[in-house]
Amino acid sequence: MSDILRELLCVAEKAANIARACRQQEALFQLLIEEKKEGEKNKKFAVDFKTLADVLVQEVIKQNLENKFPGLGEKISGEESNEFTNDLALDSIRINIPQNILGIWVDPIDSTYQYIKGSADIKPNQGIFPCGLQCVTILIGVYDIQTGMPLMGVINQPFVSQDPNTHRWKGQCYWGLSYMGTNIHSLQLHIPKRNGSETLSQLTENTSSEAESHGFSAVISTSEKETIKAALLHVCGDSIFRAAGAGYKSLCVVQGLVDIYIFSDDTTFKWDSCAAHAILRSMGGGMVDLKECLERNPEKELNLPQLVYHVPNEGASGVDQWANKGGLIAYRSRKQLETFLSLLIQHLVPADTNT
């Protein structure tokens with residue numbers, strides 16, 4: 001199994017090199033952009049684009065994995081239609097996962113708009129970039145085609161830092177594996193202390209009004225619903241951040257920059273969430289259906305409604321059949337999620353009553 005994970009890391013870095021190379025010459029890059037056709041578009045956007053880099057990256061990933069693991073290529077699904085070495089001590093990993101149960105979701109370039117725009121001078125807010133090339137990610141998620149649960153994930157961030165002299169970019173890669181009780185990932189999560197000395201666990205266990213205002217941090221979309229944003233103000237106070245790209249927002253949770261990524265609309269898709277979901281599972285977290293969480297009775301329903309990746313939405317067509325139709329929440333700790341949800345629901349009820 002270390003061979004499959006190693007190859008995922010390899011193709012992710014090849015993909016990142018393609019993404020960086022295509023952006024190198026602005027005049028040439030503008031010739032490589034095409035508007036998506038009906039059925040390909042994300043309904044969140046009035047106009048949705050793909051680039052030649054999207055298509056190249058997706059096909060490189062498919063071809064490389066098929067060459068290395070015959071039969072796996074036909075189980076790879078991704079966002080785009082095709083019209084138009086990294087040694088991380090994986091040798092010690094010995095996990096036997098049958099190849100015939102594996103499916104793969106690929107988002108060759110997540111946050112294509114930011115990739116096309118190409119802004120390189122955006123300043124971060126407490127480590128989180130609201131937009132810009134830093135929000136671009138390459139997402140490869142492996143899931144069990146029988147259960148739909150994510151098993152392995154790779155997130156490559158091609159544009160992390162730019163050399164001021166050569167203007168060349170360096171990237172960063174994150175990975176995780178979660179299978180049959182084995183959980184490994186590429187980073188030890190650092191949770192910064194807040195308010196000087198209090199730890200995150202102390203803050204989440206504190207039920208005072210001050211803890212309600214400052215105990216959690218969340219990253220959201222600029223298009224998030226007003227009812228959710230109003231409730232989050234009570235739960236997170238000033239620690240609400242806006243950022244582009246579903247992959248990047250999920251990565252902010254993986255990195256420990258925020259506690260929660262919440263999105264209430266149905267315009268993220270399986271290729272947006274599978275990779276980060278696998279990494280978060282390997283860290284003790286996960287990614288759940290927001291709508292089902294809000295309707296769930298935690299005392300009677302012990303299992304969380306994790307997103308699954310093997311079944312299309314009934315009655316939907318085109319890209320919508322693979323939408324995360326109930327919205328999502330990405331998190332690192334179940335206990336933390338349960339506390340967050342209980343506070344969120346308290347503040348959502350008045351808003352819902354008034355509508």
Side-chain angles (χ1 to χ4, degrees), residues 111 114 122-132 134-135 137 155 157 160 174 187-265 268 273 276-277 279-280 283-288 290 293-294 304 327-351:
S111 201
Q114 298 302 323
I122 305 299
K123 301 300 181 186
N125 181 6
Q126 297 188 39
I128 298 169
F129 288 86
C131 56
Q134 288 87 349
C135 298
T137 53
I155 300 177
Q157 193 180 12
V160 174
Y174 304 84
L187 72 169
Q188 288 290 341
L189 188 63
H190 170 68
I191 300 175
K193 290 185 177 181
R194 304 178 185 183
N195 297 335
S197 61
E198 286 182 301
T199 65
L200 182 60
S201 61
Q202 287 172 326
L203 283 168
T204 54
E205 288 168 7
N206 188 343
T207 56
S208 70
S209 58
E210 183 178 353
E212 278 196 28
S213 298
H214 304 289
F216 290 96
S217 58
V219 63
I220 63 172
S221 168
T222 54
S223 62
E224 186 53 79
K225 293 184 176 72
E226 290 302 321
T227 52
I228 296 291
K229 289 194 285 188
L232 284 174
L233 279 173
H234 291 284
V235 180
C236 301
D238 295 331
S239 298
I240 303 170
F241 303 90
R242 290 159 180 79
Y248 177 68
K249 288 190 278 285
S250 300
L251 181 58
C252 288
V253 181
V254 169
Q255 292 174 306
L257 296 173
V258 291
D259 305 318
I260 296 289
Y261 161 36
I262 182 170
F263 187 58
S264 62
D265 210 343
T268 66
S273 55
H277 193 172
I279 298 172
L280 288 167
M283 304 172 92
M287 202 173 289
V288 290
L290 172 61
C293 279
L294 296 179
L304 289 168
L328 61 82
I329 304 181
Y331 65 96
R332 292 191 312 272
S333 157
R334 174 169 180 153
K335 182 178 179 181
Q336 190 181 18
L337 175 68
E338 297 281 18
T339 306
F340 173 83
L341 282 171
S342 67
L343 294 172
L344 184 72
I345 289 169
Q346 286 176 32
H347 295 290
L348 274 176
V349 171

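One-based numbering along the sequence shown.
Summarising the geometry of Met283 relative to Val254, their closest heavy-atom pair is CE-O, 3.5 Å, with the distance given to 0.1 Å. Counting all heavy atoms, side chain and backbone alike, Ser111 lies closest to Cys135 at CB-O, 3.6 Å. In terms of heavy atoms, Leu328 sits closest to Leu290 at N-CB, 3.7 Å. Residues Gln134 and Gln157 come closest through the heavy atom pair O-NE2, 2.8 Å. Summarising the geometry of Val288 relative to Cys293, their closest heavy-atom pair is CG2-SG, 3.5 Å, with the distance given to 0.1 Å. The shortest heavy-atom contact between Ala246 and Thr268 is CB-CG2, 4.1 Å.
The aromatic rings of Phe216 and Phe340 sit perpendicular to each other, their planes meeting at more than 60°, with 30° as the lower class boundary.
Rounded to the nearest 0.5 Å, atoms CD (Glu224) and CG (Asp265) are 7.5 Å apart. Leu280 CG to Ser333 OG: the interatomic distance, rounded to the nearest 0.5 Å, is 11.5 Å. Annotation: the span from Arg334 atom CZ to Thr339 atom OG1 amounts to 11.5 Å, rounded to 0.5 Å. Rounded to the nearest 0.5 angstrom, Tyr174 OH and Ser250 OG are separated by 13.5 Å.
Using a 4.5 Å cut-off on side-chain heavy atoms (C-beta onward), Ile260 and Val235 make no contact. At a threshold of 4.5 Å between non-hydrogen side-chain atoms, the residues Pro130 and Ile122 count as touching. Using a 4.5 Å heavy-atom cutoff, the side chains of Tyr331 and Leu304 are in contact. With contacts defined as side-chain heavy-atom distances shorter than 4.5 Å, the pair Ile220/Ile228 does not qualify.
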Decide side-chain contact (heavy atoms from CB on, under 4.5 Å) for Leu251 and Ile279; before the verdict, give the C-alpha distance in whole Å, the side-chain angles of both, and the deciding distance to 0.1 Å.
CA-CA 9 Å; Leu251 181 58; Ile279 298 172; over 6 Å; no
Determine whether Leu257 and Val219 satisfy the following criterion, side-chain contact (heavy atoms from CB on, under 4.5 Å), listing intermediate values before the conclusion.
CA-CA 9 Å; Leu257 296 173; Val219 63; over 6 Å; no
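At least one donor-acceptor pair under 3.5 Å links the side chain of Gln114 to the backbone N or O of Gly132. The backbone N or O of Val258 lies less than 3.5 Å from a partner atom in the side chain of Arg332, making a donor-acceptor pair. A donor-acceptor pair under 3.5 Å is formed between the side chain of Ser217 and the backbone N or O of Asp259. Panel note: side chain Tyr248, backbone Phe129; a donor-acceptor pair is recorded below 3.5 Å.
In this view, Lys229 and Glu226 satisfy the salt bridge (Lys or Arg N to Asp or Glu O under 4.0 Å) rule, not counting sequence neighbours.
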